[in-house]
Amino acid sequence: MNKITIIGAGNVGSTIAYTLSIMGLAKDIVLIDINNDLALGEALDIRQGTPFSSNCTIWAGSYEDAKDSNIVILTSGVARKPGQSRLELAQTNVNITNTIIPQITKYAPEAIYIIVANPVDILTYQFCKRAGLPENRIIGSGTILDTARLKSRLSQYYNISQNNVHAYVFGEHGDSSFIPWSLANISNVPVSEYHSMMTNETDDYPELDLNEVEQYVRKSGARVIARKGATFYAVAVSVCHICKCLLNGMDTTMTVSTMMHGEYGVDDVCLSVLNVVGSEGAHSKLLAPLTDAEIALLRRSANMLKDVIKNLEI
């Protein structure tokens with residue numbers, strides 16, 4: 001019987017709860033929020049639809065109700081405003097997380113923690129330093145959403161199933177992220193060569209503009225926020241994908257944020273590279289071969305995060 005606790009019942013937290021119920025990933029879902037009425041309302045709204053989706057119980061609770069959770073998802077914090085960077089949120093959400101860590105780990109010390117609130121890499125680092133838990137059980141959602149945006153964009157370019165697109169976003173979940181194009185392929189064909197390999201000459205695809213794709217991925221969150229005020233659907237599905245991989249017992253590689261220990265020359269910071277995720281959490285990294293230029297971009301992203309961390313009270 002899987003139990004998942006979500007801290008924060010705002011747009012992201014409630015959409016994750018709804019998506020979990022639709023996907024049937026948890027028997028029990030607990031919503032915790034400082035605004036208990038909000039958590040009660042969201043839980044009631046979702047629960048009343050479960051007769052047509054999955055047989056799960058969802059309720060608003062307290063930290064004590066997180067006992068025996070398999071997974072705890074942290075979404076609480078101040079949301080990013082239009083024109084604001086994720087890193088500008090840093091100290092406010094670090095302070096909020098500092099009040100949450102001792103309360104939740106007291107009741108769910110064996111859970112795997114997924115950090116979703118922004119700036120996700122810094123809050124994941126904070127959790128690793130403050131929670132007293134094994135690092136394999138602390139996972140930041142990182143660039144899994146950015147990677148989904150990348151795969152979506154490349155599939156649009158070539159009108160091909162996203163299942164055939166293998167490409168990733170590394171680094172910070174933010175402005176210093178980058179795409180290691182040396183790893184990007186469609187059905188094992190490098191993306192830059194895919195069009196020339198097609199035998200049907202009537203297929204007319206635009207030339208792949210790598211910079212345009214990278215900007216599209218990097219700025220997608222800000223564009224959505226500017227238009228509708230928040231992002232929550234795509235991140236909810238991405239987080240539920242992490243949950244599914246944690247619960248189904250089969251290891252899966254994904255770009256999530258974890259503590260670095262010298263990989264690619266990066267140490268003592270959390271950011272996204274390929275991790276192997278399964279029932280034991282993020283238990284290993286897959287050191288995909290990067291070019292020297294890509295390693296430099298990863299180190300640049302790490303240094304930008306470290307510069308912010310230096311000025312925070314973690």
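Only this structure's heavy atoms are used, side chains among them; waters, hydrogens and symmetry mates stay out.
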Parallel, tilted or perpendicular, judged at 30° and 60°: which one describes the rings of Phe178 and Phe170?
perpendicular
Donor-acceptor side-chain pairing of Ser182 and Glu294 below 3.5 angstrom:
yes
Side chains of Asn275 and His283 only: does a donor on one sit below 3.5 Å from an acceptor on the other?
no
Salt bridge or not between Asp121 and Lys306? Use side-chain N to carboxylate O under 4.0 Å.
no
Distance-only side-chain donor-acceptor flag, Tyr125 / Asp268, under 3.5 Å:
yes
Using the rule given for side chain to side chain contact (heavy atoms under 4.5 Å, CB included), can you reason through Lys310 versus Asp307, listing the C-alpha separation, both sets of side-chain angles and the distance that settles it, and then say yes or no?
CA-CA 5 Å; Lys310 288 177 185 176; Asp307 287 343; 3.9 Å; yes
Regarding Glu280 and Asn136, do their side chains bring together a donor and an acceptor under 3.5 Å, going by distance alone?
no
Say whether Ser21 and Ser54, considering side chains only, have a donor N or O and an acceptor N or O under 3.5 Å apart.
no
Does the side chain of Ser69 pick up a donor-acceptor pair with the side chain of Thr5 at under 3.5 Å?
yes
Do the charged groups of Arg153 and Glu212 touch, with an N to O distance under 4.0 Å?
yes
Given Val12, which of Val116, Thr231, Ile6 fulfils the side-chain contact (heavy atoms from CB on, under 4.5 Å) condition?
Val116
Does Lys228 count as lying over the ring of Phe232, i.e. NZ or CZ under 6.0 Å from the six-ring centre, within 45 degrees of the axis?
yes
Applying side-chain contact (heavy atoms from CB on, under 4.5 Å) between Ile29 and each of Thr50, Leu20, Ile73, Ile16, report the one that passes.
Leu20
Within a radius of less than 6.0 Å around NZ of Lys285, do more than 12 heavy atoms belonging to other residues, nucleotides or ligands occur?
yes
Hits for side chain to side chain contact (heavy atoms under 4.5 Å, CB included) against Ser177, two or more places apart or cross-chain, chain-then-number order -> Val169, Arg218
